[in-house]
Trainee: 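Take this structure, written in structure tokens, and hold onto it; I'll ask about it next.
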Amino acid sequence: MFHGKQTRVLLLNDMERLKRTLFRLEQGFELQFHLGPTLQGKSVHVHTNYPAPGKKFVSSSFRQLEWVNPSDREDDSDKYCKLDLEIAGSYQYYFGCGHEERSGGGYIVVDPVLRIGHERKILPLDCITVQTYLAKCLGPLDEWLDRLRVAKETGYNMIHFTPLQKLGASRSCYSIADQLELNPDFSPPGKNNTWMDVGNLTEKIKKEWNMLCITDVVYNHTAANSKWIRHHPECGYNLVNSPHLKPAWLLDRALWHFSCAIADGKYSDSGLPSFIENDKRITVIFSQLKLWEFLQLNVEKAVEQFRKVLQAGECLLACNRPAGPELEGKPKLKVIQDSQYRRLSNTVDMQLALEMFGRHTNGPKSIQECCDWFKKSLEELNVECYKEMHSHHEKAINCIVGTVCYERLAAHGPQLGPVTRTNPLVTRYFTFPFEDMTMEQENQLIQNPNDACHLLAHNGWVMGDDPLRNFAEPGSNVYLRRELVCWGDSVKLRYGVKPEDCPYLWAHMKKYTEITAKHFSGVRLDNCHSTPLHVAEYMLAVARQHRPDLYVVAELFTGSEELDNIFMTRLGITSLIREAMSAGDSHEEGRLVYHFGGEPVGSFVQPNLRPLVPSIAHAMFLDVTHDNECPIQVRSVFDALPSTAIVSMACCASGSTRGYDELVPHQISVVKEERLDPKWNPDALPSSVEEVNLQTGIMSGKLALNKLHQELAEKGFTQVYVDQLDADTVAVTRHCPSTHQSVVTVSRTAFKNPETHQYREHLDPMNIPGKIEEVILEARTVERNAESYVKDERFINGMPNYMVEIREHIQLEDSEIIKQGHATTKGRSEFVEEILFEKLTPGSVIAFRVSLDPNSQKMVGYLRTQLSQFNRLYKSGSLTDSNVPGILKIALDFLMSKLTLAELNVLLFRCDAEEQEDGGGCYNIPSWMPLKYGGLQGFVSVLSEFRPKNDLGHPFCDNLRQGDWMIDYVSSRLMNKGGALREVGKWFSAVFTYLKHIPRYLVPCYFDAIIVGAYATAVDAVFNQMSSFVQNGSTLVKQLALGSVQMCGVGRVPTLPPLSPELEDVPVRLNSVTKQEEQCCVSLAAGLPHFSTGIFRCWGRDTFIALRGLMLLTGRYLEARNIILAFAGTMHHGLIPNLLGQGVAARYNCRDAVWWWLQCIQDYCNIVPNGTDILMCPVSRMYPTDDSEAQPLGTVHDQPLYVVIQEAMQRHMQGIEFRERNAGPQIDHNMRDEGFNVEAKVNPETGFVYGGNRFNCGTWMDKMGESDKAHNRGVPATPRDGSAVEIVGLSKSAVRWLMTMNENGNFPYSSVTIHRDGTEQSVSYKEWNQRIQENFERFFYMSEDPSDPNEQHPDLVHKKCIYKDSYGASSPWCDYQLRPNFTIAMVVAPELFTVQRAWKALEIVEKKLLGPLGMKTLDPDDLVYCGVYDNALDNDNYNCAKGFNYHQGPEWLWPVGYFLRAKLYFAKKMGQEKYNESVYLVKNVLSRLYTHLERSPWKGLPELTNENGQYCPFSCETQAWSIATVLETLYDL
């Protein structure tokens, strides 16, 4: 029962073929096809045979669907094509990429909509209650309504008829003589009823009785005496069109003659049992038949042919060919089966024989030698053929003996008695429409095609056979091995693969189908698992042309849900027949109820738009099918009522067969039964055999149960709980999720007869949560004074001495079965009524209607009113609280619109360390683990994991049911904050007051609804404050933009140093300790959870690599400005700090952070409206001179930002050289003394920035050795001293920008002035820019030319056509390592690169460094490459100990953004084809990142992964720059 537009999303993945997966959908649903990670970026085309609007369905006609891209740019995360499903049936889809037609596909099944009555009221599938009738037991058509009225009066709404066609000689309901002719038995003398009369009757039943009629279709066989098969023997498997059956036919005839001999008394001396003990006689039959000859070849004939070929000189093989029987590496000779299956007529491949045994020869002797080898090989082949047939013989003997034992000797078998001609030893497998004749004459018979074509194979079933294999086709030996459980009254039909293969049969069965579909609302596919799939597909398509909403049911015996699904999907089967009789005890019966439908009680509300998940087949759950054993014989008469009650409580279609309700104590045989069903008469006496009413059998109980079953389905009681009270007693609860009403049925089964079996006298009390409104029914099977059962000769009569005592709609105190115990309240919300069972005897049933207690009902109603602001679904069952708290009168979206993005960081995120800094912590589930965040995302991440699976047993749900701790955490955490957050906290507190007063089993689903609604509202509030790029962006853009809120926050202690008092719009707050006003600017965490608080939160490098993506592109301009200016205030020695340490504990040990800072200022000026205004903003310098201590705010005069920028440029050109303040173990216990010496300069010849030494690491690859065992402590793994390629690129970008800004009048300096050798020198930005431009490729490009004069170390070149990682390193080989860093330079300063060279280098990076999520930090061909980062491992491995390989292989995510951006930039220069290829690559990588983002409970992208994208436990789970650079890629895309 769905509200609103329902959309399901099917993710397409390359090579994913889902033909064995069942996807069920309803009419009115929208199905969207989305691209999975393996397909995003590719040119994917999706095709389906679901018809276009206004067109008819043709299974072979596929159309291509059009793609819709809501964001119309960026990535493929939202791209989809869709189907609006309005027509029932089975439909196929497939998809391909580019020129590849099919890369995957599957099926969808759309359920029919069934309608009844004059008003065409919908009959939901779960409402169905069906009763089966053997059509031949209904008598003349004029009497049908009187007999069928039994179904109407006992509450059924569907009638299933066995076939109504003329029956074959056996009179089996399923042996049809003529598929087009109505059974003449239905016409009384003097009248000839037609199909039109049947149609009028089914229409009357549908409109006046509100009941549907369905019937069987039998496609697999026809009656052996069908006249049309005599005229069209090609429609069956005969010895002309299926000569492979000849050996089986000969065996069948031999067994018939043997059986006749037994019947004629020829073996009377030994008797049958001795035949079973000694099967020598039957073995003799096999020996006499010599069936192995059908597999063998004539050796002499073949050798003679071979000899003639040799003598004719046709053997052209080389003289030195060995004369051995086989040549090494050549295939073995194989028997080629004679197509007509004649004895000893098989052949071999003579050409292959010549290659194997022939050789150039000069005389008869050599030829004879070859022939001998050939002959020996043929004889060996014949021996193999003999052994093969012998194994068939042995299997056949076992099957024959087993069949005879079961049919004639076994106590549980049919005990057929003496062997006669009408009851032969074994059932014949083939028809024989001729006079008796000898075996010799029969052998002649099969030589004549006009006779052999009438020797037709019977149908049957094969235990454990592959249902997708036709057992009568070549390749199967079922008939020869006597494995068929044969139906001797029917002929198996042979359709071929298409109508042209057997035109008459296809046309005949098509007409049969059309008649059926015209007059019946549905069909049951008889013998479905043995019906050729393509045939059933074709016929059902025909049926649906006449009746689009055809209801299709089937019973499958594949033994596999996966195999069942093939039939379900290909045929569009609506319901699979399941049977309670398959249960061996009440526990299994209850399990079937749970398995066949419904959700758990208290299930979560699923969103209207959600993934399409595989379904289990919709069940038609019957207490017994019409062709199965009688339950009264297998169990007891007392079990009929409780078992049918258990079945009727299942949340699926249910039903029974005629005779069950009347307590007929034997199986009503579909073959032998010829009596009539009794008619309905409300006044009939219990002793009547020809009439029945509600006093008969359990019919009054069935009426009440059928009405209840239909009510539960109509009113949305979709949730099910099954409780095994004891070995024989099952309680089934059906619950309505909107009203929270329940119906609880307790059934005490009686699988064993209570008259002979001792059942427990006392049952334990039962606690029912809620208030029992009424006893809907209580019923039990009792004996009454009546004559014992005597089987009537004319009518199918039941046991008159049993009936049901039933009372309906009574109060609890009036019950005769139970007594009310204590009503108790557990806590403030758990109202429980105790039930004491006094007379719940075996065979009894009681059903209660249960509501929430009045207080809980009110609280749920008030809660649903609040939830309706998130989802209209909750309007149903909502109530208005006259005393509603004032805060709940305000919409939550209004309250959240007042939150800043910094406050939304608190509401949504904050990891455990951030929470602890504030005196709290993330919520910890004691039996499980702490949540990832204190904010709503922490809860949503867990809920989204188990909500789709309805995992109500999850520890999270247990915690909610056990107490209010989690609920109080959410509200009190926010209430402790100030301002607008406190107001949101008040809202949660008020709404949770309702939640705390509802039954605990409902708390998880309503908590989920509150949290998810609030989360969605908060996320909307986030996006409303962001840029149009985010607001109009794809889902991936929005998800990544949330990373801005995740990473940007304000802690208890301000992380950034204070900004100038002269600066406007600086956020302030009241310090809770000093009560003084203090600045509270947002700072950017490097990563969670490791770099989130204190001095380790803010890093200059990380901040400015991430700032463009997380702050500028998302529209957080003011906060970005504040961060830029705060770092500007900390400039010292011309550098900004790496580790910020609130400015006071800053470390100036990195050479790249200042260049990333300058890049961000450039980006700010370009992106932000009037962005160049930032250059005039005042900067309060914390360190006015190189030697000064940090100065308090206001003690130093401000400088405009442009002055600080110029200082950075000038200091680099002058040359920076200093020793870190407080150098030594107090600031870094790993670094060696030399490492504290910082150097950063500009090479005057090349313009390259260079610096560092071999004992420090001044770039992002900054791992310092820590292991004493490995002797790498104090040694940087990647010093990257000299000119690091990305710093050269960043400096080129800065110099170019300042040159342009000066030319445009936005920057007052055109040059830098330095003092060198006692003189003042000036270097213009234009000149500096030119030097870098001229020298970059000269010194960084590794040419293909080994004699390149610019190459100083040609012996170190091991990868050509790439760019060096550095230039001038103290260890020269480090310059030549392939790393991803030059792609950064390509993005910030693309003008440095020649297009063709850049493209070739990018191709090598893609091939060597690109991983599933990140970039390998080192070429895997490098000797020191190690892709697994383990910071805890301390051993003697110099290259890996204590994580020394941090940047020597592990795959970092942030460089991926730069690689992809570089690829896009240069692809455009390379032309449209390369650009299209690059867009595919980019989208494909983005899709993998999106998949990780979706699945991560942190909702972020990690710092790094181990090799090949494997999870690294030492990585930050979500990293600012990882998210930022991917967001930048999307912006470029």
Side-chain angles (χ1 to χ4, degrees), residues 8-19 21 31-49 62-83 92-106 108 611-612 1033-1037 1039-1040 1399 1402-1403 1405-1407 1409-1415 1453 1456-1457 1459-1468 1470-1495 1501 1508-1509 1526 1529-1533:
R8 298 293 178 268
V9 175
L10 182 56
L11 213 58
L12 305 177
N13 285 301
D14 202 14
M15 305 308 292
E16 192 168 57
R17 292 175 172 84
L18 300 175
K19 293 183 177 180
T21 304
L31 174 62
Q32 293 183 358
F33 297 96
H34 285 234
L35 296 176
T38 54
L39 293 176
Q40 288 191 22
K42 288 185 179 179
S43 175
V44 179
H45 40 92
V46 181
H47 304 257
T48 180
N49 59 2
F62 286 80
R63 62 188 174 101
Q64 188 170 339
L65 299 178
E66 292 182 9
W67 287 106
V68 179
N69 198 345
S71 58
D72 204 28
R73 55 173 178 269
E74 299 134 6
D75 60 292
D76 287 348
S77 61
D78 291 341
K79 182 176 166 183
Y80 68 91
C81 48
K82 67 168 187 167
L83 288 174
Q92 194 175 356
Y93 71 88
Y94 70 85
F95 57 90
C97 305
H99 300 299
E100 188 180 5
E101 187 185 359
R102 298 195 184 212
S103 317
I108 58 167
L612 179 64
S1034 67
T1035 302
L1036 177 53
V1037 168
Q1039 292 267 26
L1040 290 164
W1399 186 252
L1402 284 168
E1403 287 183 325
V1405 167
E1406 180 182 337
K1407 181 181 177 182
L1409 302 184
L1410 181 62
L1413 296 179
M1415 301 292 290
L1453 269 74
V1456 157
F1459 163 71
L1460 295 178
R1461 292 174 70 195
K1463 191 87 172 167
L1464 286 171
Y1465 178 88
F1466 286 102
K1468 279 184 180 175
M1470 292 292 290
Q1472 193 62 44
E1473 185 181 348
K1474 293 295 182 188
Y1475 182 70
N1476 291 343
E1477 289 173 5
S1478 298
V1479 167
Y1480 158 62
L1481 170 72
V1482 171
K1483 289 184 174 183
N1484 197 254
V1485 174
L1486 288 173
S1487 72
R1488 296 198 293 265
L1489 294 165
Y1490 180 40
T1491 300
H1492 179 92
L1493 189 66
E1494 284 273 277
R1495 293 174 180 170
L1501 297 176
N1508 301 318
V1526 175
T1529 306
L1530 285 155
Y1531 186 78
D1532 285 7
L1533 194 59

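One-based numbering along the sequence shown.
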Trainee: Please enumerate all residues that pass side chain to side chain donor-acceptor pair (under 3.5 Å) together with Gln1472, with sequence neighbours excluded.
Mentor: Asn1476
Trainee: Taking the side chain as everything from C-beta on, heavy atoms only, tell me whether Leu10 gets closer than 4.5 Å to Tyr93.
Mentor: yes
Trainee: Which atom pairs, one a donor and one an acceptor, fall under 3.5 Å between side chains of residues 94-106 and the rest of the protein, sequence neighbours left out?
Mentor:
| unit_1 | atom_1 | unit_2 | atom_2 | d |
| --- | --- | --- | --- | --- |
| Glu100 | OE1 | Ser103 | OG | 3.4 |

Trainee: Answer yes or no: is there a side-chain heavy-atom contact under 4.5 Å between Val1526 and Leu1486?
Mentor: yes
Trainee: Considering only heavy atoms from C-beta outward, does the side chain of Leu1489 approach that of Leu1453 to under 4.5 Å?
Mentor: yes
Trainee: Kindly write out the residues that satisfy side-chain contact (heavy atoms from CB on, under 4.5 Å) with Ser77, not counting sequence neighbours, or none if the list is empty.
Mentor: Asp75, Ser1034, Thr1035, Leu1036, Tyr1490
Trainee: Under the ring-ring contact (aromatic ring centres under 6.0 Å, His included) rule, collect the residues that match up with Tyr80, sequence neighbours excluded.
Mentor: His34
Trainee: Who are the salt bridge (charged side-chain N to carboxylate O under 4.0 Å, His left out) partners of Asp14, not counting sequence neighbours?
Mentor: Lys42
Trainee: Main chain of Pro37, side chain of Ser1487: is a donor-acceptor contact present, judged purely on distance under 3.5 Å?
Mentor: yes
Trainee: Working to the nearest 0.5 angstrom, can you tell me the gap between Cys81 SG and Leu35 CG?
Mentor: 7.5 Å
Trainee: Among Leu1530, Asp1532, Leu1464, whose side-chain contact (heavy atoms from CB on, under 4.5 Å) with Val1482 holds?
Mentor: Leu1464
Trainee: Between Glu1403 and Lys1463, is there a side-chain heavy-atom distance shorter than 4.5 Å?
Mentor: yes
Trainee: Which residues pass the salt bridge (charged side-chain N to carboxylate O under 4.0 Å, His left out) test with Glu1494, not counting sequence neighbours?
Mentor: none
